[in-house]
Each structure stands twice: as structure tokens, then as C-alpha cells.
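The structure under discussion appears below in the form of C-alpha cells.
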Amino acid sequence: MDKGTDAVDMLEGRAYKLQFPWIGVVNRSQADINKNVDMIAARRREKEYFSSTPEYRHLASKMGSEHLGKVMSKHLEAVIKSRIPGLQSLINKTIIDLESELSRLGKPIATDAGGKLYMVMEVCRTFDGIFKEHLDGVRPGGDKIYNVFDNQLPAALKRLQFDKQLSMDNVRKLITEADGYQPHLIAPEQGYRRLIESSLISIKGPAEAAVDAVHAILKDLVHKSISETAELKQYPSLRVEVNGAAVESLERMRDESKKATLQLVEMECSYLTVDFFRKLPQDIEKGGNPTHSIFDRYNDSYLRRIGSNVLSYVNMVCASLRNSIPKSVVYCQVREAKRSLLDHFFTDLGKKEGRQLGTLLDEDPAIMQRRLSLAKRLELYRAAQSEIDSVAWSK
């Protein structure tokens with residue numbers, strides 16, 4: 001300011017009003033700079049100037065570089081505080097995004113053999129858990145097995161049409177052939193057995209079909225479980241090995257199930273329920289003319305009654321097998337799949353060395369580099385989050 005003038009109107013906001021009050025300062029002159037007057041002395045002279053000058057004395061407490069610094073610091077602090085929620089939100093969102101991507105990429109591969117074995121086992125357990133969830137109804141697919149027992153098997157048994165197998169001609173043929181060179185005396189036991197056996201043996205077809213149908217469903221659930229196991233997407237070689245081991249186990253279970261299920265049918269063929277036949281009326285006269293050809297030896301009424309008796313017995317056995325076949329299939333396949341799907345794989349896994357385990361964990365190098373980069377960024381953002389949180393809570 002030139003001598004004889006003052007800036008009171010400006011400083012008091014009458015000449016031009018600002019959002020924030022005016023603050024007057026006294027800077028060092030060029031002469032002061034040339035004389036190397038330091039800032040401490042300059043600030044002291046500035047303070048003396050405002051307190052001793054009549055025009056500015058009433059404004060002295062709100063003037064000077066020191067007061068300007070304090071006001072600017074408070075203003076800057078207020079601006080920063082107003083931006084903190086937005087910064088926190090941005091950092092938190094970025095951290096969540098980074099953590100989510102790292103989770104999708106999976107854990108980094110361990111360097112030692114024990115760590116690698118543990119990683120492989122953990123991935124396999126995750127897959128096994130998802131497979132069990134499908135069977136237990138937590139995830140879809142397991143209900144298809146019940147459909148095999150409730151619809152497919154009964155429909156297949158109905159299609160056998162035992163009444164056609166026990167036609168008059170077929171009954172006459174088997175009864176007379178069973179008599180051999182001389183007719184039976186009271187009841188054609190051997191004929192009955194051959195008729196029953198020839199009818200029951202046909203149940204093997206639906207029984208095998210039920211075993212194969214459940215095997216196909218279990219195999220499909222294995223493929224679904226593998227595709228739903230995120231960790232297996234990380235390691236292609238391990239995914240192939242687990243898939244092969246699971247399918248191989250299912251095939252062993254299928255073979256055992258087929259053997260056990262067919263044995264149920266064979267048991268019924270090999271030993272008949274005697275009480276059923278004891279309750280039937282005994283045929284003392286078989287009718288017909290014994291002097292005729294063996295194919296004309298018995299009258300139609302007699303043969304029709306035999307066919308009816310055999311059909312009743314076969315239907316009774318068929319109803320029993322309709323309930324026991326599903327039990328055999330569940331016990332040998334579904335139960336075993338839940339209990340020991342990867343047992344053989346785990347046994348072989350324990351024999352592998354570190355290098356062999358490493359081949360199962362063949363992660364893409366680009367993914368490994370990406371994970372490392374994301375981990376470094378995440379560390380920086382977490383540090384920033386901690387710093388900003390400490391500032392926000394301290395005020």
C-alpha cells in the first residue's frame with residue numbers, strides 16, 4: 001500500500017465481499033530480501049505493524065501470514081474431511097473388487113511337497129462336497145435317481161408282459177418237455193420251475209437297465225460337480241485326473257451293483273417260495289389222454305390253471321424285486337459314491353513326490369503373475385484404508 005492509504009474497506013468486506021474473510025499480510029520488501037531478513041523476523045515485524053497501525057489495530061488478531069496459515073489449514077482440513085467418505089467408499093470398493101478377483105484366481109501354489117499335497121486334497125474335498133450336495137438335494141440332480149426307481153424301473157417291468165410269455169402253447173411246451181419220457185404223477189413240479197425260471201430270468205434286463213441308468217446319472221453329477229468346483233478350473237491337469245478317478249470309481253461301483261442286483265434275480269430263480277404253492281388247490285387229475293402225443297397230453301383247462309398260478313407267483317416276485325432292486329443299487333452305487341468316490345485316488349496321491357504333485361498344479365503363468373500384481377495392489381489399498389480410517393476416527 002502507498003503511504004497515506006489503507007485497505008480497511010477491503011479487509012472488512014465492504015468494498016468486495018468474499019465467501020471467506022479477507023486477510024491482510026505484509027511481505028518482505030526487496031530491500032529486506034537483499035539484506036537477508038529471515039522469515040521469523042519478517043513475521044514479527046508484520047505482527048507489530050498490524051497491532052501498532054491505528055487503521056488496522058482492531059483487525060490485528062485476524063491479520064498476518066500466521067493467521068492466514070491457520071485459516072488455510074483449517075479450510076484444507078475441512079475440504080479433506082468432506083472428501084474422506086468418498087475416498088473411503090472408493091478404496092473399500094476397490095479392495096472388495098481386488099479380493100473378489102483374487103478369490104476367483106484361487107490360492108497361490110505351495111512350494112513344498114506337503115503344501116502341494118494339502119492343496120490337492122483340499123480341492124478334491126471341495127469337489128467331493130459339491131458332489132454330495134447334488135445327491136442330498138442341496139443342489140439339483142439327485143432327484144433323477146429316484147425317478148429311475150419310481151418310474152423307469154416299474155415301466156420296464158410292466159413291458160415284460162409275463163402273460164404273453166405264459167401263453168397256452170409255451171406252457172404246454174415247457175410242461176410236457178419237463179415230464180421227459182413219462183408224465184408227472186400229481187403236480188408238474190419241474191414244469192412249474194421251468195416256467196417260473198424262464199419268466200423271472202427276463203427281469204434281469206430291467207435290473208441291469210436300472211443300474212446303468214443310475215450310473216449315467218452319477219457320472220453326469222460328477223461332470224457337473226467338476227464344472228462347479230472353481231479350484232479345479234485353476235488346475236487343468238488336476239481336473240482331468242479327478243474326473244478320470246471319479247468315473248473309474250463309479251464304473252467299479254456299477255459292476256459291483258450289477259453283480260449284486262442280478263444275484264437278487266438269480267436268488268428268486270434258484271429257490272421258490274414253497275408256501276405260495278402249498279396254498280394252491282392240488283390237481284389230482286391232469287385231464288387229456290396219455291396215449292396221445294406228449295404235446296396233446298394235457299387239456300387246455302389244466303394248462304391254463306398252471307399258467308395262471310405261475311403268473312401269480314411271478315407277479316409276486318416282481319413286486320418284491322421292484323422294492324429290493326433300488327435298495328441294492330443305492331447300497332452299491334449311491335451310498336458308495338458318497339462314501340468313497342475318491343478313495344483310490346487319495347491312496348495313489350499319497351505315493352506321489354513333490355514334482356509329480358507339481359504337475360497336477362499346472363497353473364497358467366499369466367494367472368500367477370496376475371495374482372502377484374493384485375496382491376501388491378491390495379496391500380497398498382489396505383494401507384491407504386488404514387491411514388484414512390485413522391484420520392477419520394481421530395477427528
Side-chain angles (χ1 to χ4, degrees), residues 100-146 148 211-259 329-371:
S100 177
E101 187 173 354
L102 278 171
S103 177
R104 287 196 301 272
L105 292 177
K107 298 178 182 179
I109 301 173
T111 54
D112 60 299
K116 290 176 181 177
L117 179 61
Y118 177 79
M119 286 187 68
V120 173
M121 295 286 286
E122 282 297 297
V123 173
C124 291
R125 288 192 187 101
T126 301
F127 155 75
D128 196 47
I130 293 173
F131 177 72
K132 288 175 182 176
E133 287 179 357
H134 278 291
L135 291 177
D136 292 336
V138 179
R139 296 172 185 252
D143 55 303
K144 293 179 181 179
I145 295 175
Y146 176 74
V148 172
V211 171
D212 290 335
V214 171
H215 173 73
I217 293 169
L218 291 174
K219 193 174 177 181
D220 182 59
L221 292 181
V222 163
H223 295 326
K224 283 185 177 180
S225 300
I226 285 176
S227 65
E228 292 169 5
T229 305
E231 293 84 351
L232 285 175
K233 296 177 182 178
Q234 186 178 349
Y235 310 113
S237 293
L238 181 59
R239 182 171 65 245
V240 172
E241 289 290 328
V242 169
N243 181 76
V247 171
E248 186 178 336
S249 290
L250 289 180
E251 288 173 351
R252 281 195 299 269
M253 295 167 192
R254 177 197 59 193
D255 295 341
E256 286 298 318
S257 178
K258 191 167 290 187
K259 180 181 177 181
V329 172
V330 168
Y331 183 84
C332 295
Q333 289 175 266
V334 181
R335 172 180 169 275
E336 282 300 302
K338 286 179 65 176
R339 193 174 67 87
S340 59
L341 183 64
L342 293 178
D343 278 9
H344 285 82
F345 179 70
F346 288 152
T347 301
D348 293 337
L349 202 61
K351 301 174 184 177
K352 293 184 182 294
E353 298 178 354
R355 188 176 64 179
Q356 293 173 310
L357 292 170
T359 60
L360 294 176
L361 302 172
D362 58 339
E363 189 175 30
D364 186 346
I367 293 178
M368 297 173 67
Q369 185 60 41
R370 175 65 176 166
R371 184 190 296 109

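Count residues from 1 along the sequence. Quantities reported herein were computed from a predicted structural model and do not represent experimental measurements.
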| request: Determine, step by step, whether Leu360 and Lys352 satisfy the side-chain contact (heavy atoms from CB on, under 4.5 Å) criterion, reporting the C-alpha distance in whole Å, the side-chain angles of both residues, the deciding distance to 0.1 Å, and the verdict. | output: CA-CA 10 Å; Leu360 294 176; Lys352 293 184 182 294; 4.3 Å; yes
| query | Between Met119 and Tyr235, which heavy-atom pair has the shortest distance, and what is it? | reply | CE-OH, 3.2 Å
| Between CG of Leu238 and CZ of Phe345, what distance do you get to the nearest 0.5 Å? | 5.5 Å
| said: Filter on side chain to side chain donor-acceptor pair (under 3.5 Å), then keep only pairs touching residues 341-351, sequence neighbours left out; what's left? | reply: Arg252-His344
| said: Checking Glu101 against Arg370 for the side-chain contact (heavy atoms from CB on, under 4.5 Å) test, could you report, in this order, the C-alpha distance in whole Å, the side-chain angles of both residues, the deciding distance, and whether it holds? | reply: CA-CA 10 Å; Glu101 187 173 354; Arg370 175 65 176 166; 2.8 Å; yes
| request: Apply the test side-chain contact (heavy atoms from CB on, under 4.5 Å) to residues His215 and Lys258: give CA-CA distance (whole Å), side-chain angles for both, the deciding distance (0.1 Å), then the verdict. | output: CA-CA 10 Å; His215 173 73; Lys258 191 167 290 187; over 6 Å; no
| side-chain contact (heavy atoms from CB on, under 4.5 Å) between Leu218 and Leu135, intermediate numbers included | CA-CA 9 Å; Leu218 291 174; Leu135 291 177; 3.7 Å; yes
| field | side-chain contact (heavy atoms from CB on, under 4.5 Å) partners of Leu102, counting only residues at least two apart | value | Arg371, Leu374, Leu378
| field | Pairwise side-chain contact, Ser340 with Met253, heavy-atom cut-off 4.5 Å (strictly under) | value | yes
| query | Which residues pass the side-chain contact (heavy atoms from CB on, under 4.5 Å) test with Val247, sequence neighbours left out? | reply | Lys219, His223, Asn243, Glu251
| note | With sequence neighbours left out, the residues meeting side-chain contact (heavy atoms from CB on, under 4.5 Å) with Asp255 are none
| said: How close do His134 and Ser225 get, counting heavy atoms only, and between which atoms? | reply: CD2-OG, 3.3 Å
| query | Which pairs, with at least one residue in residues 233-242 and sequence neighbours excluded, count as a salt bridge (Lys or Arg N to Asp or Glu O under 4.0 Å)? | reply | none
| remark: Here the pair of heavy atoms bringing Leu250 nearest to Ala337 is CD2-CB, 4.1 Å
| What pair of heavy atoms forms the shortest contact from Thr359 to Ser237, and how long is it? | O-CB, 3.4 Å
Check: residues 123-131 side-chain donor-acceptor pairs under 3.5 Å, at least two apart:
{"unit_1": "Arg125", "atom_1": "NH1", "unit_2": "Glu122", "atom_2": "OE2", "d": "3.1"}
{"unit_1": "Thr126", "atom_1": "OG1", "unit_2": "Glu122", "atom_2": "O", "d": "2.9"}
{"unit_1": "Asp128", "atom_1": "OD2", "unit_2": "Lys132", "atom_2": "NZ", "d": "3.4"}

| Taking all atoms of both residues into account, what is the closest heavy-atom pair of Ala246 and Leu341, and its distance? | O-CD1, 3.7 Å
